[in-house]
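Written out below as C-alpha cells is the structure these notes cover.
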Amino acid sequence: MNVLAQTEETLKAQIHTAVLAAELATEDTIPDIILETPKDKAHGDFATNIAMQLARIAKKAPRQIADEITANLDKQAASVEKIDIAGPGFINFYMKQDFLGEVIETVLDAGDAYGTSKDGNGEKVQVEFVSVNPTGDLHLGHARNAAFGDVLCNLFAAAGYEVEREYYINDAGNQINNLGLSVEARYLQELGQSVDMPEDGYHGQAIIDIAKNLVKEKGDAWAEKSHEERLDYFKEYGLKASLRNIENDLKDFRVEFDSWFSERSLFENDQIDAALQVLEDGGYTYEKDGALWFKTTAFGDDKDRVLIKQDGAYTYLTPDIAYHKNKLDRGFDQIINVWGADHHGYIPRMGAALQALGYPVEKFSVKIIQMVNLFEAGEKVKMSKRTGKAVSLRELMDEVGIDAVRYYFVARSNDSQLDFDMDLAKSQSNDNPVYYVQYAHARICTMLEQAKNKGFATDGDFDASLLTAEKELDLLKKVGELPQVIAEAADKQMPHKVTQYVFDLASTLHSFYNAEKVLDGDNPERTSARIALMKAVRQTLANGLGILGVNAPEKM
RNA sequence: GUCCCAGUAGCUCAGCAGGAUAGAGCAACAGCCUUCUAAGCUGUGGGUCGCAGGUUCGAAUCCUGCCUGGGACGCCA
C-alpha cells in the first residue's frame, strides 16, 4: 500500500540488525532508528544519524560506528545500492534504482483512496468548530475556523479515524434576547418608525435583512402586538433565520456538519442540573456572595468560577460543562474544539470541569486559531460587532472564490496570526498559490487528453524502470510521500502540511514538464511510462486538494 | 501582575519529538514560448533565525531570563 514507508521499514530493520551484529548496542540500549530524507539529493535517498546517537552508548567515534554498521548491513535485503558516511557521522543510503518502481501502480490501483491509511485505528474523534452565535453573518475569522476545522476532519477521515463534525448552537443565552431586540428594532425601523438599536444589539446587515423579510412576510402585523409577545416571536424567528443563513453559507463554503447540537436541549433534558450535581457531590462547589462557585483552582485554574449567578441564572460556563460532559458520554475517544484566540483563557476551566466530572482530561483538547487581521486599502480594518463592520464569508466567497479562500486559510499554521489583504485577494487573485497547484492538475489533464487525441495508449502496460531522468525520480519520490504526509498532518493536527505538500508536488511537476516531453512518438515505451507517471501525479494532486476541499479542475 | 500565540530574507510565512551549506512564495535582477497550457520554467542577489545565558559531539529547534507585537484574564457569551 505504502511503498515508501515499506522501503523505510525494511531499511530500518536491517540497520537495527546490523547495529546488534556489530555489538554496538543491545536490544535494550539501542535507540529507535530514525530515517530522514536528506534535503540535499547529494546525500542519498535516506539518511540516518544512528551512529551519532550510538556514540555515547558504544563509546566510540561516530564515524567508526558508522563504518561498523555498514560493514554488517545486508545491502541486498535492504535494497541499498550504495552507502556513504558523511559529515559528523551520517550514513547516507542510495537505494537501488527501482525502489520507486511500484509507486505508480500503487497510486493507480488505490485511486481516490491513495494516501489514506488506517493509522487512526478507527478511533472516534469529534471536532466541534465554528459554533458561532446565531446572531449574524459569519465573517473572516469564522471562515478561518471553518476551513481549518473542516480540513482537520478530512485529515482524520483519511488517516483512518472515525470523525464527526459538530456545531454547537448557542440558542439559550442572553444573546438570543439581544437578537430578538435587534430584530425588533430593525423591524420597526423598516416600518418607518424611529427606533434606536439596543445597547448590545447586533448591527450587521444580516439582521436588517431578516427584518426586511419579516416585513415582506407579515407586513406591519407585529407592530400592533405587545412588546413581550413580539419579542418572543422575533427571538425565534431571528434564531431560525440566522441558523439558516449560517448553514447555507457554510454549505456553500463546502463545510457540512454531521450534527447540530442545541444548547437548549441541555436545559430541556435537565442535563445541566445533572452535571452540577456531579460537581456538588464531588465537593467542587461552594456558595459565596449569593452565587454558586466552582473550585477550578483545584485543577490549576487562576481563580474559581461562578456557575450560578446572584440572579439565579447560569453563567455561560455551566451549560458548556454539561455540553462537554454530554460529548464525552457519547463515547468519543477524543473531543477537539476549535476556538478563536480570544477564548484561550477558557481552556483551563473547561479542563478543570472535565476532571472534576471524572473524565480523563487527555480526551479533551482545543485548537486555537489565531486572529485574522483585515487590511483594506493598505490599512488595518478594526472589526467590531457593534458596528457590524467586517467582511463576511459570503463576500469572501463571491469576491475571492471558494478555492482560494479555503487554500489561503489552511496555508499557514493555526498558531500564526494572519493578515488578509482584501484588495490583494480581489485584484491579484491569480497570484494565489492555489492556482499554481490547480494549474499543475489541469496541465496533466490536458496532456492526457492530447495523448488520447494523438493515439497514444493511456491504459496499457508500462515499464516503470524506463523512468530514470532526475525529474522523473523527483516526481516518483514526491508522489510516494503522500501517505506519510497525511498521516503526519493528522497526527500533529496540522492541515497546512498538506497545503505545503501539494504545492511542492505541483512545483515538481512544473519543473518536470519544462524539462521533459511526455508525448514522444519516437519513444513509445518511455511515453507509456510517462503517461502512467502523469496519471499518478494527477491522482495524487487531486487527492491532496480533496483533503483541502479545493477543486482540481481539468481545464484552466 | 498572570497565562497563551508570534518574533526566521525587503514583505508574507514554512522549518522547531536537536542534526549536514537555514527554505518557499511575493518583490528585485538576468534568461527561456515554431515543440504536450508561459497561471509555467531556469538562474542571481538578499538572513547577527528578537536579545542574553544554559543543556551537548551538535541549537532556528530544548531550558531559563529579558525585549517587542497580538490576544486573554467578567456573576458577558
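Proteins come first, then strands; the chains are lettered A, B, ... in the order of their sequence lines, and each starts at number 1.
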_A:H343 NE2 - B:rC5 P separation (whole Å)_ = 18 Å
_What is the distance, to the nearest angstrom, from the CG atom on A:L54 to the P atom on B:rG58?_
18 Å
*For side chain to side chain contact (heavy atoms under 4.5 Å, CB included), just list the numbers for A:K235 and A:L179, CA-CA rounded to whole Å, side-chain angles, deciding distance to a tenth of an Å, and then say yes or no.*
CA-CA 6 Å; A:K235 279 199 271 192; A:L179 172 67; 6.0 Å; no
*Nearest-neighbour nucleotide for the A:T315 side chain, B:rC41, B:rA77, B:rA72 considered*: B:rA77
*Base, sugar-phosphate, or nothing: which does A:D289 touch, judged by heavy atoms less than 4.0 Å apart?*
base
*asked:* Under a 3.5 Å cut-off for both contacts, is B:rC49 paired Watson-Crick or G-U wobble with anything, and if yes, with which nucleotide?
replied: none
*Rounded distance (Å) that lies between atom C1' of B:rC5 and atom CD1 of A:I369*: 12 Å
*asked:* Between A:K478 and A:D474, does any NZ, NE, NH1 or NH2 come within less than 4.0 Å of an OD or OE carboxylate oxygen?
replied: no
*Between B:rA24, B:rA14, B:rG19, which nucleotide has the shortest distance from any of its atoms to the side chain of A:Q500?*
B:rA14
*asked:* Does A:E263 reach a base, just sugar-phosphate, or nothing at all? Heavy atoms under 4.0 Å.
replied: nothing
*For A:Q450, which contact category applies under a 4.0 Å heavy-atom criterion: base, sugar-phosphate, or nothing?*
sugar-phosphate
*What nucleotide, of B:rU12, B:rA14, B:rA20, holds the atom closest to the side chain of A:H43?*
B:rA20
*asked:* Ignoring hydrogens and geometry beyond distance, is the side chain of A:N92 in donor-acceptor contact with the base of B:rA20 at under 3.5 Å?
replied: yes
_Under 4.0 Å from OP1 or OP2 of B:rA20: is there any side-chain N or O of A:K39 that close?_
yes
*Using the six-membered ring for Trp and the full ring for Phe, Tyr or His, decide whether A:F90 stacks on the six-membered base ring of B:rA20 (centres under 5.5 Å, planes under 30°).*
yes
*Would you mind telling me which of B:rA72, B:rC36, B:rC41 lies closest to the side-chain atoms of A:M447?*
B:rC36
*Establish, with yes or no, whether the OP1 or OP2 oxygen of B:rA77 is under 4.0 angstrom from a side-chain nitrogen or oxygen of A:Y202.*
no
*Using the glycosidic torsion, which applies to B:rC33: syn (within 90° of 0) or anti (everything else)?*
syn
*When the ring centroid of A:F261 is compared with that of A:Y167, is the distance short of 6.0 Å?*
no
*Nearest 0.5 Å please: distance from the OG1 atom of A:T508 over to the CD atom of A:E481.*
8.5 Å
*Considering heavy-atom distances to RNA chain B, does A:Q310 or A:L519 have its closest nucleotide positioned more toward the 5' end?*
A:L519
*If you look at every strand shown and take non-hydrogen atoms under 4.0 Å, does A:A442 touch a base, only sugar-phosphate, or nothing?*
base
*asked:* Measuring from the side chain of A:M556 (C-beta onward, heavy atoms only), which nucleotide among B:rC13, B:rG40, B:rA39 has the closest atom?
replied: B:rA39
*Between B:rU42, B:rC36, B:rA14, which nucleotide gets closest to the side-chain atoms of A:R412?*
B:rA14
_Closest listed nucleotide, where the reference is the side chain of A:Y316 and the choices are B:rA77, B:rC75, B:rA20_ = B:rA77
*asked:* Given B:rA39, B:rC5, B:rA77, identify the nucleotide with an atom nearest to the side chain of A:Q370.
replied: B:rC5
_Side chain of A:K471 (C-beta onward), nearest among B:rA6, B:rG19, B:rU42_ = B:rU42
*For B:rU42, does OP1 or OP2 lie under 4.0 Å from any side-chain N or O of A:S511?*
yes
*Which part of the nucleic acid does A:A55 contact within heavy-atom distance under 4.0 Å: base, sugar-phosphate only, or nothing?*
nothing
*d(CG, A:N514; C1', B:rC33) in whole Å*: 10 Å
*Using a cut-off of 4.0 Å on non-hydrogen atoms, how would the nucleic acid contact of A:K555 be classed: base, sugar-phosphate, or nothing?*
base
*Quick one: do A:D304 and A:K288 make a salt bridge, cutoff under 4.0 Å?*
no
_Sugar-phosphate only, base, or nothing, as touched by A:Y346 at under 4.0 Å among non-hydrogen atoms_ = base
_Protein-nucleotide distance (A:R144, atom CZ; B:rG70, atom C1'), rounded to Å_ = 13 Å
_Charged N-O contact under 4.0 Å between A:D491 and A:K497_ = no
*Side-chain N or O of A:K497 less than 4.0 angstrom from OP1 or OP2 on B:rG15?*
yes
*asked:* What is the distance, to the nearest angstrom, from the CD atom on A:E470 to the P atom on B:rC41?
replied: 16 Å
*Within the structure shown, what part of the strands sits under 4.0 Å from A:H496 by heavy-atom distance: base, sugar-phosphate, or nothing?*
sugar-phosphate
_Proximity to the side chain of A:K492 - top-ranked nucleotide from B:rA17, B:rC75, B:rA77_ = B:rA17
*Distance test, side-chain N/O of A:Y436 to OP1/OP2 of B:rA24, below 4.0 Å*: no
*asked:* Below the 4.0 Å mark, does B:rA38 have OP1 or OP2 next to a side-chain nitrogen or oxygen of A:R443?
replied: yes
*asked:* How many whole angstroms separate atom CG of A:N414 from atom P of B:rC16?
replied: 14 Å
*Looking for any heavy atom pair under 4.0 Å, which part of the strands does A:D40 touch: base, sugar-phosphate only, or nothing?*
base
*Rounded to whole angstrom units, what separation is found between the CE atom of A:M52 and the P atom of B:rA20?*
9 Å
*So what does A:A47 touch, heavy atoms closer than 4.0 Å: a base, only the sugar-phosphate, or nothing?*
base
*Minimum-distance pair of heavy atoms, taken over all atoms of A:Y407 and A:P433*: CE2-CB, 3.8 Å
*Considering just the side-chain nitrogens and oxygens of A:K309, establish if one lies under 4.0 Å of OP1 or OP2 belonging to B:rA77.*
yes
_N-O pairing of A:K327 and A:E166 below 4.0 Å_ = no
*asked:* At 4.0 Å (heavy atoms only), tell me whether A:N170 reaches a base, stays on the sugar-phosphate, or touches nothing.
replied: nothing
*So which heavy atom on A:L54 is nearest to which on A:V19, and how close?*
CD1-CG1, 3.8 Å
*Look at A:S416 and B:rA14 and indicate whether a side-chain polar atom (N or O) is within less than 4.0 Å of OP1 or OP2.*
yes
